[in-house]
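Basis for what follows: all heavy atoms, side chains included, without hydrogens, waters or symmetry-related copies. Naming: A, B, ... by sequence-line order, numbering from 1 per chain.
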Protein chains: 2
Amino acid sequence: MRKKLNNTGAGGATRRVTSYDVALAAGVSQSAVSRCFKPGASVSPATQAKVMQAAAALDYIPNAAARSLITRRSNLVAVIVSNLANLYYPQVLSELSEQIARLGKRLLLFTLERETDIGKVLCDVWQYQVDGAIVAACLSDQQIAEFARREVPLVLFNRRSREQAVPAVLCDQAEAARLLVSRLAEAGHRQFAIIDGPGDSAVAQERKAGMLDRLFELGLPAPIVVGGNYDYASGGLGLRKVIDRLGRVPDAVICGNDIMAIGCLDTARQQLGIAVPQQMSVAGFDAMEASGWLSYNITTLRQPIQQMASDAVLMLDRLMARCGGAAEGRRYRSSLVEGATARLAMMAAA
Amino acid sequence: MRKKLNNTGAGGATRRVTSYDVALAAGVSQSAVSRCFKPGASVSPATQAKVMQAAAALDYIPNAAARSLITRRSNLVAVIVSNLANLYYPQVLSELSEQIARLGKRLLLFTLERETDIGKVLCDVWQYQVDGAIVAACLSDQQIAEFARREVPLVLFNRRSREQAVPAVLCDQAEAARLLVSRLAEAGHRQFAIIDGPGDSAVAQERKAGMLDRLFELGLPAPIVVGGNYDYASGGLGLRKVIDRLGRVPDAVICGNDIMAIGCLDTARQQLGIAVPQQMSVAGFDAMEASGWLSYNITTLRQPIQQMASDAVLMLDRLMARCGGAAEGRRYRSSLVEGATARLAMMAAA
DNA sequence: TTGTAAGCGTTATCAA
DNA sequence: TTGATAACGCTTACAA
């Protein structure tokens, strides 16, 4: 038997209401109370009613920590995103949050100021015994292995692992980049310029690689490549650097994302007096909302990020349920949003 | 003594590594291991070394649930945001996340599809015994009271409670709106139009109230007010409705946020051939990044949201530390970003 | 400084 | 269907 119960004494902090208190109030055992809060348990309607009434009266809520201790499931899903991704794709987080809630789980959010902080973050992840994780940041193979070792299901978001087969949702960045280059080349562009994303962005790497690859295949002149960091300013700055290095306006500028494309476009039209797309084509990636605004109507590539986010949670759910489902990565295609900032070749009718 | 330790048997799931395992490996007691992981505990360097080595060898990480059970602190901070806020201010979430991490705590994220979902969400919040909460959503007075009753420190973000004195960071929406109206009126605008934010946005309400209030004070004609929902399309649509209702172009359109202002501006200039600001002024709220882009340069009001987010965490930290600090709300001023989409009166030199 | 032992609030097992 | 009772993995007096 319990020694003392709710001490409403004036002394210190009030004790928390526990299942014992409810049991006492309802005149049943503590384990009966526990069962009443477990969905498919065997309790008589009478007991159920008594307990629920007592629980409501006492404002009782089960303690997740205690439950997690014994069940070994925390109902927590870790979401790890680099700050960049977080800022540029708020919809992803929003979708993840909704879908995770739909599974009856909670979202434990970790953001990385620098991609190198991930070590510390993982330590916290282990402490909280999360049921699974969705990661949109670069993990070393060793770190990926640690997920496996600790039996924490993992789904990568737009990242892949070279060595291991890790469940992932990813969009064909390189393929999309190749498509864009092809269409621009067919339309007669020859001198390309690339305003690249930041060096620590895996997505940016793949996009650039795809472009360079396809340009080479087509036997076109080597493009001017300048660095950028995904923000508005670096789009305009990048364009100036390109023109400086090339000594003239290039035929086409492909930017690592839409924000830079918008920056590039604004600088071209409003500061340098370049006619887009007549004199120069501009394209971006992501089809973010602003890219469709009347003032821009950017030529860009759309990833089905909402779908990807939703599927990532679904995939994680399967992994959490059947402990051993050998889920591979699922791939998505980008679709070209033709916009009005680039001269594109007509496509042959299907 | 413990009955059985790590059963590496082929049978089921491998047991987790616990402090007992580490103790055994290091040849010390389990409590010694616990002490080694507590910052200011009294342990001899020799023991510390032995334990840490054993822990590293076994990949031991303390279990947060077990710790939370006894310490009564989960090191979890709940952040509750309505989906809208989440999408329009990704920086807020980013800043909150960083600052919360700096306190050594973790961010448990709850997003609301509809503001009415908050009841369910709170239930989860109680289960997880969070150490505190930052809420950017509408709470009823009853719900606010529940935080107090359960002794969970609460800081409101850009929301206030009519009845209770709840710690909050909030920006003077009405004051900002009044300022904007004043400056436009001084510059000679007489017929105003308002494209309002969604009905369930507290911030939108306050902005509109401030505008109406000041217009009335100034004895100006009643403005046309049309509904909007904070998105790009509703800016353009709103403008068309305004012109339809008024039978002509108004002198000034004030939009509930920058996105609608951008939508309004694009429609005005590119579809209706209205010269902004010569023929009509347009203004928004929030000073979101896009409002400063060369194509827009919107006249808008900037809230120090980064500062506000950072201060919200600070305020919460103080509440979590001293259990009874009677912290009031802290207020911030919006600053006018003059932009180029509105004709504003010159200010008298200070 | 170290070890012993008593919880923390649940769920799971097993008789009754 | 119910009620004892034993975990779960940790922190924290208290005694040595």
For a quick test of your reading: what N or O donor-acceptor pairs under 3.5 Å do the side chains of residues 91-101 of chain B make, sequence neighbours left out?
unit_1, atom_1, unit_2, atom_2, d
B:S94, OG, A:N83, OD1, 2.6
B:E95, OE1, B:Q306, NE2, 3.2
B:E95, OE2, B:Q99, NE2, 3.0
B:S97, OG, A:T111, OG1, 2.6
B:E98, OE2, A:N83, ND2, 3.1

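- Distances shorter than 4.0 Å separate none of the side-chain N or O atoms of A:Y20 from OP1 or OP2 on D:dA4.
- Among the protein residues, B:F37 comes within range of no part of the nucleic acid, since none of its heavy atoms lies under 4.0 Å from any strand.
- OP1 or OP2 of C:dG9 has at least one side-chain nitrogen or oxygen of B:R72 nearer than 4.0 Å.
- A salt bridge links A:R102 with B:E113: the closest approach of a Lys/Arg side-chain nitrogen to an acidic carboxylate oxygen falls below 4.0 angstrom.
- Considering only residues two or more places apart in sequence or on other chains, B:S34 meets the side-chain hydrogen bond (donor to acceptor under 3.5 Å, both in side chains) condition with none of them.
- The interatomic distance linking A:L69 (CG) with C:dG7 (P) rounds to 17 Å, in whole Å.
- Residues satisfying the side-chain hydrogen bond (donor to acceptor under 3.5 Å, both in side chains) criterion with B:D200, sequence neighbours excluded, are absent altogether.
- Scanning residues 39-53 of chain B for heavy-atom distances under 4.0 Å to DNA chain D yields an empty list.
- Taking the six-membered ring wherever Trp is involved, the centroid distance between the rings of A:Y60 and B:W126 does not fall below 6.0 Å.
- As rounded to whole Å, 16 Å separates atom C1' of C:dT10 from atom CZ of A:R73.
- Applying the 4.0 Å criterion to OP1 and OP2 of D:dG9, one finds that B:S19 has every side-chain N and O outside that range.
- Atom CD of A:Q127 and atom C1' of D:dG9 are 13 Å apart (whole Å).
- Nucleotide D:dC8 holds its C1' atom 8 Å from the CZ atom of B:R16, rounded to whole Å.
- For C:dT11, the OP1/OP2 oxygens have a side-chain nitrogen or oxygen of A:S34 closer than 4.0 Å.
- For the helix from C:dT1-D:dA16 to C:dA16-D:dT1, the axis fitted to the five pairs at one end and the axis fitted to the five pairs at the other end meet at an angle of 30° (nearest 10 degrees).
- Mapping B:S29 and B:A66 onto DNA chain C by nearest heavy atom places B:S29 closer to the 5' end of the strand.
- Counting to the nearest Å, the P atom of D:dT5 and the CD atom of A:Q30 are 13 Å from each other.
- The side-chain hydrogen bond (donor to acceptor under 3.5 Å, both in side chains) test applied to B:N158 returns B:Q303, not counting sequence neighbours.
- Screening residues 63-87 of chain A for ring pair (Phe, Tyr, Trp, His ring centres under 6.0 Å), with sequence neighbours left out, gives no hits.
- Contacts of A:R114 classified as side chain to side chain contact (heavy atoms under 4.5 Å, CB included), with partners at least two apart in sequence or in another chain: A:T116, A:D117.
- Remark: P of C:dG7 and CD1 of B:I70 are 10 Å apart, rounded to the nearest angstrom.
- Within the structure, salt bridge (charged side-chain N to carboxylate O under 4.0 Å, His left out) contacts touching residues 29-51 of chain B (residues at least two apart or in different chains) do not occur.
- The ring pair (Phe, Tyr, Trp, His ring centres under 6.0 Å) test applied to A:Y128 returns no partner, not counting sequence neighbours.
- Look at B:R162 and B:D141 and you find no salt bridge, because none of the NZ, NE, NH1 or NH2 atoms lies under 4.0 Å from a carboxylate O.
- Between the CG atom of A:N75 and the C1' atom of C:dT10 there is a distance of 14 Å, given to the nearest Å.
- Scored by the side-chain hydrogen bond (donor to acceptor under 3.5 Å, both in side chains) test, B:S44 finds B:T47 as partners (sequence neighbours excluded).
- Note on B:K38: every side-chain N or O is 4.0 Å or more away from OP1 and OP2 of D:dC10.
- As a whole-Å value, the separation of A:W126 CH2 from D:dC10 P is 16 Å.
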Please write out the pairs of protein N or O atoms and N or O atoms of nucleotides 13-16 of chain C separated by less than 3.5 Å, giving the distance to one decimal.
none

